[in-house]
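Below is one structure, written out as structure tokens, with a few remarks after it.
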Amino acid sequence: MHEPAGTDSRTDPHWRDGPWQKAGQRLTAHRPAAAGLTVLAALMLAVAAGLVTGGGPVGAALAAGHQSLTFALLAGLGGAALGLLWGGAAVALGERAERAMMAPAIALTGLPLALVLPLAGGLLGPGRGLAPMAVVTALIAAPAVAVVARDELRALLRREFLSAAQAAGLTGGRRLRRHTLPNVILPLAAAAWTALPRALMAESLASLLGLGLPEGVTGWGTAIGAAARTGDAMALAGPALLLALTLWALHGVGDGMRLAFSTTGGRR
Amino acid sequence: MSGSGERAPLRVEGLSLLTSRDILLDRLSFAVEPGEVLALSGGAGAGKTLLLRALAGLAPKGVTVLGDIRIQGRRILVTQDGALDPLRPLGAQFTDLLAHQSGLDERTALRRAAEALERFQVPAAARRLALHPHELGEAMRWRAALALAMAAQPALLLADAPAAALDPTQRVRLLNDLAAWTREAGTALLLAGRPQPDPVHSGLADRRLILAQGRLEAPEEEPTPAPSPVEPAPSGPPILSVRDLRVAFPLGRSWRGEERWLTVVDGLSIALAEGETLALLGETGSGKSVLARAILRLVPPVGGQVSWLGTDLAAAPPEAMRRARRDLQILFPDPLAAFDPLMTIGAQLAETLESLRPTRSAADQAAWLAEALEEVGLPSAVLDLYPGSLRPAEAARAGLARALLPEPRLLVCDEPAAMLDGAERGDFLALLRAIRRRRRLALLYATQDAAEGLGVARRALVLLLGRIVEAADSAVLAAGARHPYSRALIAAARLARPALHGDPPSPLRPPTGCALRLRCPLAHDGCAQVPPSLDTVAPGHRVACHVAHDDAQDGAQVGGRAP
């Protein structure tokens, strides 16, 4: 932290703020994150309003957004939970297990996993249900979350205040409850967030090809694909713009969270 | 600030640096003469880097430069990171710079580059020119960066805390070589750095300016630290005894399937009596810090024994271990990092107290905490602050308060003042000493600064690659250390040129025989054969060095002189 010479950190009006407030301030100080949060909130409201009023190309795009966002949220949360479990278990089970569990995760992050979803859609056929597709999406999003979560946990376990807690005679269980878990929440939230744009991206790509969301469920990808096939520029513009905006906002917030919360310094 | 006038390579008059909000530097005036070494001292955030950047014409955006900077001849700034182009070999960087600055052709430039590296005792300098910066060690990269700057024959060299991250023996030798060279070449050298110790004293610098709160201050006559009152040597049975302690970390298996280990502490034995003070001196990789933690069982040892009041801590049941933790407390090198950022200082102090002295009532506890803070000179308002709101000096004191809460009998310090500078550092160490005397604490003080360690503790051990190379009373070591490594450490603490050359060996491949032999000026063939044993050369003075043993047997006095 380089402060300009001659200024005292105590002149900062927020110097007494607690660590959670400071984390929030760091997040919103990152402009793409602040903008992304605003966009996401506006989008949620618009989608909710669009469901009520409906009608027209805008209403259709917003309705498609409802399907896409719901799916991405569910599948993304599933993927995040799976990834956190994966990384957490690897760290908890000791060094040998960690190496064995993380090697496949690292290998998988190098592959174009997004292509697995249309493949699964094709294999499952036109009668596919939503649930299996959501499971496959979650599996796609999990490895990257697992790798980041493992790195964050390792970095946290090396931190000095855990040694200090041990020197203060705290047992392993209390150290975990009082110091490790609270400190791991924000870095892991940053890791988990990356699953959301990944899930939305994979689903939209598969739906664009007609191999994503099952028939009868229209997401942004489905709408874009249909409009492209009929050559309807007006119908294409709405969902395409909304999808791009949402992905940008999700990534912006994700970047901000990584920079503001990460123990590993967000240098990844 | 007198000066012979026009030929001074750097003359600054009324230099002020302003932002829209603050005055960063306030009306500085000074000059540097040719061949002069001017040390620019100041604590963290005093504006040293900013001043050097402004002098190099690289003031950051949004900063207004007022006043007069007159520079005669070529100026070169070596930045804090000693940046070299990572993508190009050293030789190409030399030829580029020299061709650009002096119009030298490639062969002459390469020859001059090799000569420049040889000034810093780089072995096989000509071959190193083919290497990229990442293929060099940290120390070698610094030698290359400074050699590159000097090869261009600047009239003014601005060096911003050069090699600050290197170990003292390497850094001080490099700075001395650089100063000798600039004096010889008639280059004015402006050397920014930490305020202590005084570089003029040792002859490293000719003059010293102190930058504090944006203004230049004339250096005050430093009060010579009061010699610590001579205490009677503590007697009695040892309260802490460490026998043959080994700490090693597994590195996985080699391709032949052998387990590989990184041995950090290699069979160390220590005994400490009630109220005794012992310094552990050593640089990076000496094992002092791991030893300190292994004693408190924060790092599991792989062999040997640590006993506290006769109880073997490895076999101690949880209740006995907790009683031992009451007596054994530690100060960490980064006190801020040793506090949980999500809990207030008060909550963390209370947690320590509850864990180690659980019998106290709530009201009793609050008074106890306030008292502990008062003892280290902090207001009780600090209890409500989160660690993120503390300054480094306050965090160091809060860490001390936490360590003192359970009323320990032994305080293990792992470079507790490493994050502090100047007056803050001195104040903290004085406080630590006063509290130690008042509470009659035993102290184990690990540091790489020999002057600090010898000043704090009555006895000292010098560690190298996890082994003791010399053990003696601090006064004996300060007056006449026998081991070349001890002498180098003590010299470096005074900023005198240490007699060790080269870089420390990798702990993964320690040399055969004596661990120091590749850097030692006294090494002979015998040093490669067997590791020297730690033998008594005088009552209470043990040394592990083949040469020192021979000298002792010959009756020759090696003394503190650097060869």
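Residue numbering restarts at 1 for every chain, and letters A, B, ... go by the order of the sequence lines. Keep in mind that the numbers below use all heavy atoms, side chains included, and drop hydrogens, waters and symmetry copies. As the structure is a computational prediction, the values presented were derived from the model and not from experiment.
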One option among B/Leu342, B/Leu211, B/Thr352 has the most heavy-atom pairs under 4.5 Å with chain A, and it is B/Leu342

Most heavy-atom pairs under 4.5 Å with chain A, out of B/Pro341, B/Ala324, B/Gly388, belong to B/Pro341

Between the side chains of B/Glu415 and B/Ser289, does any donor sit under 3.5 Å from an acceptor?
no

Can you tell me if A/Ser262 uses its side chain to pair, donor with acceptor, with the backbone of A/Leu259 under 3.5 Å?
no

Residue among A/Glu95, A/Arg16, A/Arg159 with most heavy-atom pairs under 4.5 Å to chain B:
A/Arg16

Please classify the contact of B/Arg402 with chain A as side chain, backbone, both or neither, using a heavy-atom distance under 4.5 Å.
side chain

With no hydrogens and no angle check, is any side-chain donor or acceptor of A/Arg150 less than 3.5 Å from a backbone partner on A/Gly87?
no

Please state whether the side chain, the backbone, both or neither of B/Ile330 comes within less than 4.5 Å of a heavy atom of chain A.
side chain

When the 4.5 angstrom heavy-atom criterion is applied to A/Arg99 and chain B, the contacting part is neither

If you count heavy-atom pairs under 4.5 Å between each of B/Glu351, B/Gln348, B/Arg326, B/Met343 and chain A, which one has the most?
B/Glu351

Backbone N or O of A/Ala190 within a donor-acceptor pair of the A/Thr194 side chain at under 3.5 Å?
no

Checking side-chain polar atoms at under 3.5 Å, does B/Thr49 have a donor or acceptor matched by the opposite partner on B/Asp160?
yes

When you look at CZ of B/Arg215, are more than 12 heavy atoms from neighbouring residues, nucleotides or ligands closer to it than 6.0 Å?
no

B/Ser389 side-chain N/O to B/Leu385 backbone N/O, donor-acceptor pair under 3.5 Å
no

Does any backbone or side-chain atom of B/Pro387 lie under 4.5 Å from a heavy atom of chain A? Answer side chain, backbone, both or neither.
neither

Of the listed residues (A/Ala23, A/Ala165, A/Gly18), which shares the most heavy-atom pairs with chain B below a 4.5 Å separation?
A/Gly18

